[in-house]
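What follows is a single structure, written as structure tokens, with notes after it.
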Amino acid sequence: MKFILSALPTAMMTVAVMSVPVMTYASTDADSIEVSDDVTPVAVTQIIDADSPTDNDKLTVAPFHTVPNPQHAESQALSTLIDPITHKAVNNSYALDVSSFLSLEQAQKLLVQVSPKIAANQAAIAASEYQTDALRTIDNPLVFARVSASAYHLDEDIDLSSLRSGIVNEVNNGVDNIVPPTADLPDFGELVGERIPDSYNLKRSGSTSGAGLGVVWPIYTAGRTDALTGASDARTQEAMADSVLDKNELYNTLIERYFKAQLAIIAAYLREDAYDTLQQTDHMAERLFEEGFISRVDRLEAQSALADAKSESVNANNDARLAMIALQRLLRTDYRIKPTTPLFVSSRPLPDVSYFQDLALNNHPGLQKVAAKRAQAQQLHALSDTGYKPTVLLYGYGQVEKDPSWVAGISASWKLWGGLDKAASLASSSAKIRQADLSEIEVSDNLLLLVEKNWHDVNNAQSRYQALQSNVDLAAEVLRLRRLGLQEGVNTTVDVVQAQTQSLKARTEQAQAANDYVQSLAALMQSCGTPLAFNAYLNAADIQLPTLYTEQ
């Protein structure tokens, strides 16, 4: 990517120079922000990306939403699109028209539509909600139908010899017990045995069919269903808290990449500006050398400084290109994203740290996740407690036949012994409840400390930015005097190069301080669980750095 320097007319400039103060009021309420004075437009030099069109062309990106928002639902049907980064097909999506020039607020809206992480979390929440809906009907009557049809064929030889011997013996013993032994009496056992064959061949075939209706209705489950659905609801709340955590982290990542791109573009502009200045210095040194006012060493030093400035300018342009690509990847476009929201600093002090700590305790999704964990533990405890109570069922079944038969009744069952140890189960769930309570204390302590750190980081960055303004003014004045001194023969080219280097350093450090302020403020808002409140401070800021891309 190559950057081209071009002067913009005054009318196209919509941001303020750092040294122009603007009287602006912002209350701690994000909804009440007023701007009393307009910013004076100024002309600056703009860095233009020569690899892509400079007009506000609208291009297309495929979001990961499974359901379109209402604005698109009527005009566009869901379809399968290709992800511009991985080139994989994404089902149930719709195309978005996205400008290559994006403000931070526009980028935030786009992020939630194209992020695969957010879409995956939405799917997890939907799955948990559907699971809860499925559990709600577990106590409803279960009606089932049974239909059967079968055919059979039986062919078997049955051995009757043992049966025959047993019968013969039983008959003989019975006769001996009743009638005294007499020689003239026949052997009754043998007579019976002669009529029983040694084996019998059994052959049968046929078919059967049947149908019936049955019902089972658990009329009392001792609260097991409520406990199961409650635990599933709590899991849904945990999935929602995880989704908010991920979304807040993505918002913070967006701000980090968005303003790092702005900082890199400003650094590239400053390097280009320094290179232009040293070109003028080199030209002046060449004339002075030809007229004999400076030595050859001074002339060579000017040439060396110019070569270094050109190399630094190329490196800065490459860094800016990489920062813009990182922003492009996050927003999943196949073209370069040009940020139009400038870096900013507010000269007004932040509210007291206790205000932000209260926000964190009331809004941070980490505490909401702990609460969901505790709710799950409570429902598991209730479920374990039902092990001591019976289950009561109504049941019935009827055959659908010409002469139908049926059965109906009620049953109650208790678990007396075996399976999971009920006492150990209760103790386990009680321990999980205690774990959640102690985790809430730990998370709260960590949040309060994190908010305190981020609050101090914002104040430190604000103080440093304001302190560096004097360095910027001093370095600019020294550079002006050194260049005049070179023309008069009072200063050398080394003096001018040193002054130029000091001026570049002061301006770069101040831009870095502005980025530190922005990143610390974003971290503070994320630690409070209110990442979008960052926009209120952005809109109320009274110091804005020049932006090198403006909305077309």
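Between the side chains of His456 and Glu452, at least one donor N or O sits under 3.5 Å from an acceptor N or O. No side-chain donor from either of Thr236 and Glu129 sits under 3.5 Å from a side-chain acceptor of the other. Side-chain contact check for Asp473 and Gln469: at least one donor-acceptor pair (N or O, by modelled atom type) lies under 3.5 Å. For the residue pair Asp542 and Ser347, a side-chain donor N or O sits within less than 3.5 Å of a side-chain acceptor on the partner. Side-chain contact, Asn317 with Glu272: a donor N or O sits under 3.5 Å from an acceptor N or O. When only modelled atom types and interatomic distance are considered, Asn454 and Ser527 share a side-chain donor-acceptor pair under 3.5 Å. Side-chain contact annotation: Asn535 with Gln108, donor-acceptor N/O pair under 3.5 Å present. Remark: the Asp276 side chain and the Gln280 side chain contain no N/O donor-acceptor pair separated by less than 3.5 Å.
Between Ala513 and Leu468, the shortest heavy-atom distance links the atoms CB-CD1, 4.0 Å. Residues Ala514 and Leu545 share a closest heavy-atom pair of CB-CD1, 3.8 Å. When all heavy atoms are compared, the tightest approach of Ala499 to Leu479 is CB-CA, 3.8 Å. Scanning all heavy atoms of the two residues, the minimum distance from Leu343 to Gln262 falls at CG-CB, 4.2 Å. Looking at every heavy atom in both residues, Ala316 comes nearest to Ala267 through CB-O, 4.2 Å. When all heavy atoms are compared, the tightest approach of Leu245 to Gly366 is CD2-N, 4.0 Å.
The structure places NZ of Lys260 at 9.0 Å from CG of Leu263, a figure rounded to the nearest 0.5 Å. Taking CZ from Phe289 and OG from Ser295, the interatomic distance works out to 8.0 Å, rounded to the nearest 0.5 Å. If you take OH on Tyr251 and CG on Leu104, they are separated by 10.0 Å, rounding to the nearest 0.5 Å. To the nearest 0.5 Å, atoms CG (Leu538) and CZ (Phe259) are separated by 5.0 Å. Within the model, atoms CG of Asp445 and CG of Leu450 stand 12.5 Å from one another, a figure rounded to the nearest 0.5 Å. Note that the CG atom of Leu306 and the CG atom of Asp282 stand 5.0 Å from one another [nearest 0.5 Å].
Within the 3.5 Å criterion, the main-chain N or O of Pro351 finds a donor-acceptor partner in the side chain of Trp455. Put simply, the side chain of Thr340 never gets that close to the backbone of Phe101: no donor and acceptor are under 3.5 Å apart. Side-chain N or O atoms of Gln122 include none that pairs as donor or acceptor with a backbone N or O of Lys117 at under 3.5 Å. Judged by distance alone, the side chain of Thr501 and the main-chain N or O of Val497 form a donor-acceptor pair under 3.5 Å. Not one N or O on the side chain of Ser463 forms a donor-acceptor pair closer than 3.5 Å with the backbone of Asn459. Checking side-chain atoms of Ser304 against main-chain N and O of Leu300 turns up no donor-acceptor pair under 3.5 Å. No donor-acceptor pair closer than 3.5 Å links the side chain of Ser311 to the backbone N or O of Ala307.
Gln279 CD: more than 12 foreign heavy atoms inside a 6.0 Å radius. Around the CD atom of Glu291, the shell of radius 6.0 Å holds more than 12 heavy atoms that belong to other residues, nucleotides or ligands.
Counting heavy atoms from C-beta on, the side chains of Cys528 and Asn363 never come closer than 4.5 Å. Side-chain atoms of Met324 and Ile265, non-hydrogen and from C-beta on, do get closer than 4.5 Å to each other. Side chains of Leu361 and Leu448 form a contact here, defined as non-hydrogen atoms less than 4.5 Å apart. Under the 4.5 Å side-chain criterion, counting only non-hydrogen atoms from C-beta, Leu111 is not in contact with Thr253.
The pair Asp516-Arg464 does not meet the salt-bridge criterion, since no charged nitrogen lies less than 4.0 angstrom from a carboxylate oxygen. We find that Arg482 and Asp495 are not joined by a salt bridge, their nearest charged nitrogen and carboxylate oxygen being 4.0 Å or further apart. Ion pair Glu440/Arg374 not flagged as a salt bridge, since none of the NZ, NE, NH1 or NH2 atoms sits closer than 4.0 Å to an Asp/Glu carboxylate oxygen. Arg235 and Glu238 are not joined by a salt bridge, as no carboxylate oxygen comes within less than 4.0 angstrom of a charged side-chain nitrogen.
For an aromatic pair to be called close, the ring centres must be under 6.0 Å apart, and Tyr258 with Phe534 fails this.
Aromatic ring pairs are classed by plane angle as parallel below 30°, tilted from 30° to 60° and perpendicular above 60°; the pair Tyr537 and Phe356 is tilted.
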